[in-house]
A.B. asks: 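Structure provided below as structure tokens; questions to follow.
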Amino acid sequence: MLIDAYGRAVDYLRVSVTERCNFRCLYCMPDKPLSWVPHSEILRYEEMILFVRAAIDCGVNKVRITGGEPTVRGNLDYFIKMIADYAPNIDLAMTTNGFLLGDLAAALKNAGLKRVNISLDSLKRETAGKIANRDILDRVLKGIEAAISVGLQTKINCVPMKGINDGEICDIIERCRAWGVSVRFIEYMDNTRAHKRLRGMRSDEILEAIASRYEFAEIERDLKSPSRLFALKEGYIFGLIEPHREEFCASCNRARLTAEGLLAPCLYYDEALSIKSRLRSGDVAGAVAVFREVLANKREKNRFGQERSERAFYETGG
Ligand code: SAM
Ligand code: SF4
């Protein structure tokens, strides 16, 4: 079992397969990213899997593929299958913007992917296009429907922002209810690459907007998830992710591997150690030793507003 410096068991690995993306979301990526990491510096799937298998052997039982946008990297089903073949019983999930899922959902499901979280910030074509800086909505909706129809367990992620999509929170709940999928509203997290004048909604403001249309109550949360859960009177369950909340990090069970081979203990800091050279020389035991060192130095809490990471979320893997 992997335990961090504050006694938290770490059993969840997020693997970023690329920092690249086909969107330029206002809250995530500038229109012209500073530079892309050259392909030669990105871990090959055969290198990543060495570490993923070792992490599973150490007690990791949940792996989430993310990015950047994971579906823009070729042969993703091949990587998913390598993980699923090694550990068919783990929780194998992916976070995606959904744009390419219409074409890929069936192959990813067949490869062993179990769950997807798909980002959907607006149901209005113009607003969705403004947020992603691309005309995306039709394909994202098709991607969501493809994921549901091939049997991937699906959740929606939505980042509410004042003056942009704040009027759509209840409409998004309605649409997700009609699809039979849960939505998680994520508080906007300030970061160095986001559009400068964004104003995210805090959780109390999001709940206030929901209360204008629905009656709901908080229900018991899954202690392994960062999400607080709420049930509408009608029974539909939605979630809230509040990284600004004091207790947010108390149950953190996560570590991250970036596409470049950095092991990062937290999304919000630059702190990370590289295992690239170890994986490239086949030194898996050395990579695991670095992993234990990273966890031994993991901080107790994120410190939003006090420190900013120079490494973007899309580089670390959101
Ligand atoms: N490209 C994929 C996607 O958009 O779902 C995966 C990577 S993205 C970085 C992962 C999640 O982080 C998305 O749901 C996105 O909405 C969220 N995210 C990105 N930047 C954020 C920010 N500044 N504040 C809150 N959530 C953010
Ligand atoms: Fe791309 Fe996801 Fe970032 Fe949007 S949030 S720019 S889709 S990585």
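Whatever order the structure lists them in is the order used to number ligands and atoms, beginning at 1.
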A.B. asks: Whether the side chain of K155 engages the backbone of R184 through a donor-acceptor N/O pair (distance < 3.5 Å, no angle test) should be reported.
C.D. replies: no
A.B. asks: If we ignore hydrogens and angles and just use 3.5 Å, is the side chain of K114 paired with the main-chain N or O of I90 as donor and acceptor?
C.D. replies: yes
A.B. asks: Please state which option from S119, A194, G68, C28 has its nearest heavy atom closest to atom 3 (Fe) of ligand 2.
C.D. replies: C28
A.B. asks: For C21, counting its heavy atoms only, list the atoms of ligand 2 lying under 4.0 Å from any of them.
C.D. replies: 1 (Fe), 6 (S), 7 (S), 8 (S)
A.B. asks: Mind checking whether D121 has an N or O less than 3.5 Å away from an N or O of ligand 1?
C.D. replies: no
A.B. asks: Hey, does the side chain of R134 reach the backbone of C25 with a donor-acceptor pair shorter than 3.5 angstrom?
C.D. replies: no
A.B. asks: Would a distance-only check, ignoring hydrogens and angles, find a side-chain to backbone donor-acceptor pair under 3.5 Å from S182 to I237?
C.D. replies: yes
A.B. asks: Enumerate the atoms of ligand 1 whose separation from the nearest heavy atom of M189 is less than 4.0 angstrom.
C.D. replies: 22 (C), 23 (N), 24 (N), 25 (C), 26 (N)
A.B. asks: What atoms of ligand 1 come within less than 4.0 Å of a heavy atom belonging to N97?
C.D. replies: 2 (C), 3 (C), 5 (O)
A.B. asks: Could you tell me whether N191 approaches ligand 1 through its side chain, its backbone, both or neither, with non-hydrogen atoms closer than 4.0 Å?
C.D. replies: side chain
A.B. asks: Counting only N and O atoms by type, is there a donor-acceptor contact under 3.5 Å from the side chain of S227 to the main-chain atoms of L229?
C.D. replies: no
A.B. asks: Using non-hydrogen atoms of the residue, decide whether Y314 is closer than 4.0 angstrom to ligand 1.
C.D. replies: no
A.B. asks: Could you tell me, atom by atom, which parts of ligand 2 come under 4.0 Å of a heavy atom of C25?
C.D. replies: 4 (Fe), 5 (S), 6 (S), 7 (S)
A.B. asks: For S119, does its backbone N or O pair with a side-chain atom of D121 as donor and acceptor, under 3.5 Å?
C.D. replies: no
A.B. asks: Any atoms of ligand 1 less than 4.0 Å from a non-hydrogen atom of T96? List them with their elements.
C.D. replies: 2 (C), 3 (C), 5 (O)
A.B. asks: Does F51 have its ring centroid less than 6.0 Å away from the ring centroid of F291?
C.D. replies: yes
A.B. asks: Return yes when F99 approaches ligand 2 closer than 4.0 angstrom through a heavy atom, no otherwise.
C.D. replies: no
A.B. asks: Side chain, backbone, both or neither: which applies to T95 and ligand 1 if a contact is any heavy-atom pair less than 4.0 Å apart?
C.D. replies: both
A.B. asks: Which of the numbered atoms in ligand 1 are under 4.0 angstrom from any heavy atom belonging to N157?
C.D. replies: 14 (O)
A.B. asks: I'd like to check whether S119 has a polar contact with ligand 1, where a contact means an N/O of the residue lying under 3.5 Å from an N/O of the ligand.
C.D. replies: yes
A.B. asks: Can you name the one residue among Y236, F238, Y214, F185 that meets ring-ring contact (aromatic ring centres under 6.0 Å, His included) with F230?
C.D. replies: F238
A.B. asks: Within the 4.0 Å heavy-atom shell around G68, which atoms of ligand 1 are there?
C.D. replies: 1 (N), 2 (C), 6 (C), 7 (C)
A.B. asks: Y27 heavy atoms, cut-off 4.0 Å: which ligand 2 atoms fall inside?
C.D. replies: 5 (S)
A.B. asks: Tell me, please: is G67 in heavy-atom contact with ligand 1, that is, under 4.0 Å?
C.D. replies: yes
A.B. asks: Within the structure, does C21 bring an N/O atom to less than 3.5 angstrom of an N/O atom in ligand 1?
C.D. replies: no
A.B. asks: Hey, quick one: are I169 and L141 part of the same hydrophobic cluster, counting side-chain heavy atoms closer than 4.5 Å, chains of contacts allowed?
C.D. replies: yes
A.B. asks: List ligand 1 atoms under 4.0 Å from T66, heavy atoms only on the residue side.
C.D. replies: 6 (C), 7 (C)
A.B. asks: Would R254 count as a cation-pi partner of Y12, with NZ or CZ less than 6.0 Å from the six-membered ring centre and within 45° of the ring normal?
C.D. replies: no
A.B. asks: Can a donor-acceptor pair be found, under 3.5 Å and without considering hydrogens, that links the side chain of D31 to the backbone of R24?
C.D. replies: no
